[in-house]
Each structure stands twice: as structure tokens, then as C-alpha cells.
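This report refers to the structure that appears directly beneath it.
Each ligand, and each atom within it, is numbered from 1 in the order the structure gives.
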Amino acid sequence: MEAILPGSTIGVLGGGQLGRMLAFEAKRMGYKVVTLDPVPNSPCGQIADKQIVAEFDDFDAAFKLAEMCDVITYEFENVNVEIVEALEEENRLYPRSHVLRITQNRLQEKEFVRNIGIGVVDFCRVECSEDVESGYRKVGLPAILKTVHGGYDGKGQVVVESEEDLKRLNIKGQTLIWEKKVPFIKELSVVCARDVRGNVVTYPVSENIHRENILDMSIIPARISKEIENRAKEVAETIAVKLDIVGVFCVEMFLLKDGRIFVNEIAPRPHNSGHYTINACVTSQFEQQLRAVCGLPLGSTKLLSPAAMVNILGEGRGNSLTGVDELLQDPDISFHFYGKKEAMARRKMGHITVLADSVEEAIKKAEQKRKQLKWV
Ligand code: AMP
């Protein structure tokens, strides 16, 4: 298949920050970008050559995007899968819809991972009160009940620690997944890319710290043994092949005390825990996504420096961020801001990446320096 070369146009379904960072790389490499998002002047739309303002289930708008583009990708996994299916019949679009079908559904995703011989936490499907009984018997407590569709950053999740919590549960005919809550010692993720020819590259393993279910800090390289690092990468590489994915994706994992690794989630797109690659790797995850979907050779994933990335979240009490000038007095900090108007509480507004000689130093700096930023 011929490569899609600079000068061509990339279509991006979704106009959020991931699309924005993809668009920056695309523009740098000489591509044009068209994005589709219902919110005018979206983070990606601000960088793209054109934004089609339309809902994600608008077939006509999606076909209009396809007419303007040489290849299409998406920047969030809850895009309309029927639209993706319709578009991929006549257009180059990656990752393909079969990947979305699996990753949009937590149950299918976990079954897929288990079926290819990779560890997942114990789980079962729950649809009614009787299923709660059997979930209790089969999987036990403590548990997390998660929605099968559409949950991210901990949305749609209920923690069930005790039988008392269980009694208070009210399941009204929605399909949920009953998952064993595991005492992990670390959360890890691996960003991985596979091209149209089947070549696979993995980035260094990231160690992730979540606060209130939202990614707070990523530390790279993760503070784990070489053996665990290799196994985590192998998990991602196996998923790449078995999922037959083309594009960048991320596998989130739990590491247990006894060395077991359980896959929690697969995101079929660049990932928040891979933002450090912009500053700390030869090829960023966004450039890699372009290379993969355009049929170009994949780039080096080499880590150039230990790094820590922290998210800047909105707090719901002001939309202006102060302290950026003080922050940037440190020459090893890179500041990224997504151009969102309203800094609602918990909304991802930007991030900073700190490069340092050691991860310990990067973590310390990231924690200290972030305090200089204040919403007013
Ligand atoms: P998720 O929406 O599945 O990505 O979950 C968000 C966060 O909740 C994860 O990053 C973990 O910190 C926590 N979590 C999710 N599932 C489990 C589990 N089975 N056991 C323990 N913690 C979990």
C-alpha cells in the first residue's frame, strides 16, 4: 500500500487534546488536518486547517470529512462504531472498527485479553439483582462495578467493599461488570504502535499514579525490574498482534506484589500516560500515530531522558491559569495547554513534563513546581 505523504490530509474524528497534539505533529510534518467535533473551536479545531462542527453520530458530516481526507483516524474510543464501519469500506481508516468493537465494551475487552492468555482480574457480567448474588459468589469482595460502555477516568464505577454496600446496590437492568478490586502495588502502562506491515514498537513502561481515578502523574521509566518491564512490553506486543491493530494504542495494567500483571484497559489511540513522549522520546506517540496510519516506517521510541508528567486539572473556580511564568523559570519544564475555555473541576486542561537526570528528581520537581500554578 502506498504511503500517504506530506501535503495530504489527515481526518481526525474528535477534537479534544489528543487530536490537538496529533494535529501539531501533522502540521510540523507538512500534512493538512480536518477534524470533526460538535463543539466549535475545539482544542484540535484550533490547530487543524478545518473543523467540521457536527455531532459524532452525524453520518453525512462524517462522509464529508472522508471526502476531504486521505486517511482518517480517531482520538477517542467512544466514536460511533457504525460510522467508522461505514467510512472504512471506502477510505483508509485506522485503527479499524473491529478494534473499536472490542475496546468500547469492557466485557468484550476483558474476554479478548483472557482468551489470548493474558491475565485480567476476575470478573463477571451483572445485569440484575440475581447476578449480584452470583457475582458475589463467583468473584467476591471487595469489588468494583463498572459500566460496560462509556466509562473512563473512573466514571460509572461503584466500589463495593462490604456486604452492607452490596445491599444498597440498585441495578436497574443495565449491564455492568463485576470486577475484583485488586491490591496492586503499581499501575503501569505501555504505549505501543503497529504499522500496516505488522511491525510493532513499544515505548518505555510508564508508572502511573491516579488521584480520584484520574491520571495524576506518569513516571518514566517505571521503577520496576527489567524482568517486569519486559513482561509488560510483551503483553502490549501480544495484544498488538492478536488485536490486529494499526495505529498507536495503550495498555493499562496492574502490577501485583507477587509479580503478576493484569490488564485493566486497552485504549486504541495515543494516551495521557504517553504525553511524556513529546519531550522525552525521539518520536512522540502522536508522530508515531501519523507514521502508522500513513503507512510510513515507525520511528524510534528511545527515551532520551528520565521524565515525570503531571496533569493540570480544572478546579471549577476560575478559567485563567497563573504562575506559568514562574514555572518556566525552570528550563527543564515543558508546558502544554489544551485551549479549553472552561476549567471545570477534574477536566484535563493541560500538562507539564519535567526532564531530569533521575526519575526521583523529576518526580520531586514535578510535584513542587505544579504548586506554582493556580486557577483564578
Ligand atoms: P478504569 O476506569 O478502569 O481505568 O479505572 C480507573 C482507576 O480505578 C484505575 O486506574 C485504578 O486506579 C482503579 N481501578 C480500576 N479497576 C480496579 C480494580 N479491579 N482493582 C483496583 N483498582 C482498580
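No N or O atom of Glu252 sits closer than 3.5 Å to an N or O atom of ligand 1.
Ring centers of Phe76 and Phe56: under 6.0 Å apart, within the cut-off.
Proximity of Asn208 to ligand 1, defined as any heavy-atom pair under 4.0 Å, is not found for any part of the residue. The part of Glu265 lying near ligand 1 is the side chain, judged by heavy-atom distances below 4.0 Å. Both the backbone and the side chain of Lys181 come within contact range of ligand 1, each with a heavy atom under 4.0 Å. At a heavy-atom distance under 4.0 Å, no atom of Arg211 approaches ligand 1. Only the side chain of Ile144 comes within contact range of ligand 1, with a heavy atom under 4.0 Å; no backbone atom does.
At a cut-off of 3.5 Å, with distance as the only test, a side-chain donor of Tyr338 or His351 sits close to an acceptor on the other residue. Using modelled atom types, one finds a donor on one side chain and an acceptor on the other under 3.5 Å when comparing Arg20 with Gln46.
Heavy-atom contacts of His210 reach the following atoms of ligand 1: 10 (O) (cutoff under 4.0 Å). Heavy-atom proximity to Glu187, at under 4.0 Å, picks out these atoms of ligand 1: 9 (C), 10 (O), 11 (C), 12 (O).
Taking the charged nitrogens against the carboxylate oxygens, Glu109 and Arg106 have no contact shorter than 4.0 Å, which rules out a salt bridge. Checked for salt-bridge contact, Lys233 and Glu229 meet the test: a charged N lies under 4.0 Å from a carboxylate O.
Phe59 and Phe63 have tilted rings, their planes meeting at an angle from 30° to 60° on a 0 to 90° scale.
Taking all heavy atoms of Val182, Thr147, Val121 into account, the minimum distance to atom 20 (N) of ligand 1 is reached by Val182.
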